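All remarks here apply to the structure that follows.
Just so it is clear, the values below take in all heavy atoms, side chains as well, and ignore hydrogens, waters and symmetry mates. None of the values given here were measured: they were computed from a predicted structure.
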Amino acid sequence: MPTKTATKTKKTTKKRAKPKKNLVIVESPSKAKTIEKYLGRSYKVVASIGHIRDLPKSRMAVDFENDYEPEYISIRGKGDIIKSLRKDAKNAKAVYLASDPDREGEAIAWHVSNILKLEPDEIHRVTFNEITKDAVKDAFKEPRGIDMDLVDAQQARRVLDRIVGYSISPILWKKVKKGLSAGRVQSIALKLIIDRENEIKAFEPEEYWTIDSKFKKGRAKFDASFYSVNGKKQDLGNNEAVQKILGQLDRKGDFEITKVVKKERKRNPQPPFTTSTMQQDANRKLSFRTRKTMMAAQQLYEGINIGKGGSVGLITYMRTDSTRISTGAKHDASTFIHEKYGEEYAATKPVKGKLAEGAQDAHEAIRPTSVFRTPADMKEFLTNDQYKLYNLIWSRFVASQMTAQITDTMTVTISQSNVDFRANGSKVKFPGFTVIYNNGNEKDNILPDLTEGDMVDLVQTDPSQHFTQPPARYSEANLIKALEENGVGRPSTYAPTLDTIQRRYYVKLESKRFEPTELGEIVNKIIIEQFPDIVDVKFTAKVEGELDEVELGKEKWVKVIDQFYQPFSKEVSEAEEAVEKIEIKDELAGLDCDVCGAPMVVKMGKYGKFFACSRFPNCRNTKAIVKDTGIICPTCHEGTIVERKSKKNRTFFGCSRYPDCDFVSWDRPIGRDCPKDGYYLVEKKVKGGKQVLCPNGDYEEAVQK
């Protein structure tokens, strides 16, 4: 009997299609990671890693015959990212563009939408001023389209900078040397530095004297200085004038307190940080270079993992020229100040910053996203640089919401024979905002209890000769302040501008101050003579104002470019004919090549001057130029101490006989031995000046100024 074979029938079940996710595109992976946590599983957040389209580097790429239309290309190396974005967008339920809330962020969103070929109704642009859960979720409730006024303003700036750079730079290559560049903002920054250097060179010091004195009432002594004669303030121009004043005095006689003025002085806090003021304060107080400040601020804005709370943006958007603060942030700050310091420290009407001319007020000031996340609580989650900057931002914001410092001041006039001395005293009555944000240099100077008619004794007089000082060279902080005050550039331009003029070796930083180089002076001279508008502060500020008008929709970007280009193109044509080729001649170094014996020459390189063999390229021997101090080496007593540069451009001192003698010091030896142990002494830079120290002990002495 045949057996039956059972046949199994397979049940086929359809796989349920995965629900499509919303795609969110931001600039950076760290920002993507923070935002994805807030939005949940129905969203996929990816990063474009900055710009994905730009003008090509190899050519001008501006169509002058077709309304200055820029010719964008995909940035080299971004092919895989673009491919991935297109794939994600194709499978997405909707595409949200969440780049930064400024002109550049809007332009990035526009470029991404073009690459993905999104239709206008498919574009969901979202912006937020801080990367916190509430701010991000609220932004996604109200998406909008691309703001083409913002895009046009950014596009106009990019085209303007391209026209200037790609028109002037080839002239500099042809007439001076290859690798040079010129730009609108960098040319003005360079001119400011060189103008200041010329002021310093032209400065003629003037002599003046002071008479610092010490008086006594009972056992209490206090300081005063010569002020006036017969009630009229008098300057002391020389020693003769000093001796004449001293000759009028009876030093052993009584001096009378003729006037006592007591006042109450209020010092208000400063408003919260803008980009510029943050860069300036970080440079002054933390010794941060501008690029370092912006890097740390970017990290704090995009998100920091704070343990159980996960990743969160600790500060609001860091590119802003506004000092405005949201109502919620003000309320939180007031609550914190009441709880931590008391009612008397909380301002009922916090200080309002004055909006700089041309500022857009598009975003809030830079502040912590939550005042309750104190620097002390956040310290364990931050790097050292992040902590220092966060502490500065947090403290400045909280201080801005606090009451003024109140100081009692006392001005006393001490007289004899119609000669007046003046003493100033002060005592903090109420610290106000300074309990949290202080410069650290305010000290009480308490005078004894003095009243009009009191008699006091002169203890000593100390006449001192001085000379007026030239204006100081620009530090990074001062240069940024000068650019901002002149309306040149915008918050995002300062860091790359300062970086460029140093990379091109137009300027160098010496003791944290900018000095122009010979190359910088050559470039500046050409630009001043041939392109006066480029370095005209008022003209450049006017162009910045017109770009702002484009952003507000009040001006067309093509018109702004055309008004600039028509006269500029004539200047370019004239410059190509007028500028003579400048040869930076090689100077004889006064020594022979230790490889082939030919004379060495001084050449100008990317990082300054250096020694090179005159037989180049047949002999490629080069040497760094070192500055000989003439001080005998304290180790071998044969070589001399020379000034050298480390790989990070930091100055150090070593023996000229290196490597036979390995003496090295970060501080400059002065050629004297320590009177205590015979070890060599060095001159060390300290806050407020210099000191002579013994590296091997506790000996120190002040440096005579």
Side-chain angles (χ1 to χ4, degrees), residues 21-51 81 85 88 96-102 104-105 108-109 112 125-141 143 272-273 275 278 282 288 291-320 326 328-329 332 363-394 397 491-492 495:
K21 290 188 176 185
N22 293 305
L23 179 68
V24 182
I25 302 172
V26 297
E27 302 99 323
S28 75
S30 56
K31 185 176 175 182
K33 185 179 177 183
T34 307
I35 291 170
E36 192 167 55
K37 183 193 72 171
Y38 299 145
L39 295 176
R41 293 179 181 177
S42 59
Y43 289 84
K44 179 180 181 179
V45 187
V46 296
S48 66
I49 321 292
H51 285 274
I81 292 171
L85 289 176
D88 288 336
Y96 291 85
L97 306 173
S99 44
D100 288 342
D102 58 8
E104 192 169 5
I108 289 174
V112 170
R125 174 79 170 113
V126 290
T127 58
F128 31 81
N129 193 48
E130 59 187 67
I131 302 178
T132 56
K133 189 173 185 177
D134 289 343
V136 170
K137 286 204 163 188
D138 287 345
F140 275 80
K141 290 175 185 175
F273 281 135
T275 304
M278 176 185 70
F288 278 16
R291 182 169 290 281
K292 184 178 184 178
T293 299
M294 294 310 290
M295 192 180 298
Q298 183 89 30
Q299 292 160 356
L300 292 171
Y301 164 70
E302 289 184 345
I304 301 291
N305 192 323
I306 58 171
K308 290 182 180 178
S311 190
V312 65
L314 293 184
I315 63 169
T316 53
Y317 191 52
M318 68 288 162
R319 291 187 181 91
T320 177
S326 70
D332 287 350
H363 316 295
E364 284 190 63
I366 303 169
R367 62 167 176 82
T369 53
S370 171
V371 73
F372 301 106
R373 284 192 279 265
T374 66
D377 291 340
M378 294 297 103
K379 189 172 184 178
E380 64 178 298
F381 308 113
L382 304 174
T383 65
N384 194 36
D385 288 346
Q386 290 169 348
Y387 168 73
K388 285 179 180 178
L389 188 62
Y390 182 67
N391 185 48
L392 196 68
I393 293 167
W394 186 91
F397 167 67
S492 60

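- Across all their heavy atoms, Ser48 and Ile81 have their closest contact at O-CG2, 3.9 Å.
- Taking NZ of Lys137 as the reference point, atom NZ of Lys141 lies at 8.0 Å (rounded to 0.5 Å).
- Atom CD1 of residue Ile315 and atom OG1 of residue Thr369 lie 8.5 Å apart, to the nearest 0.5 angstrom.
- The minimum heavy-atom distance between Phe381 and Gly307, with the atom names listed, is CE2-N, 3.8 Å.
- For the residue pair Ser28 and Ala47, the shortest heavy atom distance occurs at C-CB, 3.5 Å.
- A donor-acceptor pair under 3.5 Å is absent between the side-chain atoms of Ser30 and the main chain of Gly303, judged by distance alone.
- With sequence neighbours left out, the side chain to side chain contact (heavy atoms under 4.5 Å, CB included) criterion links Asp332 to Val371, Phe372.
- The CG atom of Leu382 lies 6.0 Å from the CG atom of Leu314; values are rounded to the nearest 0.5 Å.
- In this structure Thr34 satisfies the side-chain hydrogen bond (donor to acceptor under 3.5 Å, both in side chains) test together with Ser311, sequence neighbours excluded.
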Report task. Could you go through the side chain to side chain contact (heavy atoms under 4.5 Å, CB included) check for Ile25 and Asp88 one step at a time? Result -> CA-CA 10 Å; Ile25 302 172; Asp88 288 336; over 6 Å; no
Side-chain atoms of residues 126-135: list all donor-acceptor pairs with protein atoms under 3.5 Å, sequence neighbours left out, distances to 0.1 Å.
{"from": "Glu130", "atom 1": "OE1", "to": "Arg367", "atom 2": "NH2", "distance (Å)": "2.9"}
{"from": "Glu130", "atom 1": "OE2", "to": "Thr132", "atom 2": "OG1", "distance (Å)": "3.0"}

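- Summarising the geometry of Gly313 relative to Arg373, their closest heavy-atom pair is O-NH2, 4.1 Å, with the distance given to 0.1 Å.
- Sorted by first and then second residue, the pairs that involve residues 375-390 and meet salt bridge (Lys or Arg N to Asp or Glu O under 4.0 Å), not counting sequence neighbours, are Lys292-Asp385.
- By the side-chain hydrogen bond (donor to acceptor under 3.5 Å, both in side chains) test, Glu27 pairs with Lys31, sequence neighbours left out.
- For Lys37, the NZ atom counts as densely surrounded, since its 6.0 Å shell holds more than 12 non-hydrogen atoms of other residues, nucleotides or ligands.
- Residues Ile304 and Met378 form no side-chain contact, since every pair of their non-hydrogen atoms from C-beta on lies 4.5 Å or further apart.
- The CE atom of Met318 sits 10.0 Å away from atom CD1 of Ile393, with the distance rounded to the nearest 0.5 Å.
- Taking NZ of Lys44 as the start and NZ of Lys21 as the end, the distance is 8.0 Å to the nearest 0.5 Å.
- Arg319 places a side-chain heavy atom less than 4.5 Å from the side chain of Gln298.
- Residues Pro29 and Ile49 meet the side-chain proximity criterion, which asks for heavy atoms closer than 4.5 Å.
- Shown here are the side chain to side chain contact (heavy atoms under 4.5 Å, CB included) partners of Ala282, two or more places apart in sequence or in another chain: Leu286, Phe288, Thr293, Leu389, Leu392.
- Between Lys33 and Glu302 there is no side-chain heavy-atom pair separated by less than 4.5 Å.
- Distance check: Tyr43 OH to Phe140 CZ gives 6.0 Å after rounding to the nearest 0.5 Å.
- In this structure the side chain of Thr275 never reaches within 4.5 angstrom of the side chain of Tyr317, judged on heavy atoms.
- Nearest heavy-atom pair, Leu97 versus Ala109, reported as atom, atom and distance to 0.1 Å: CD1-O, 3.4 Å.
- Taking all atoms of both residues into account, the shortest heavy-atom contact from Pro368 to Tyr390 is CB-OH, 3.8 Å.
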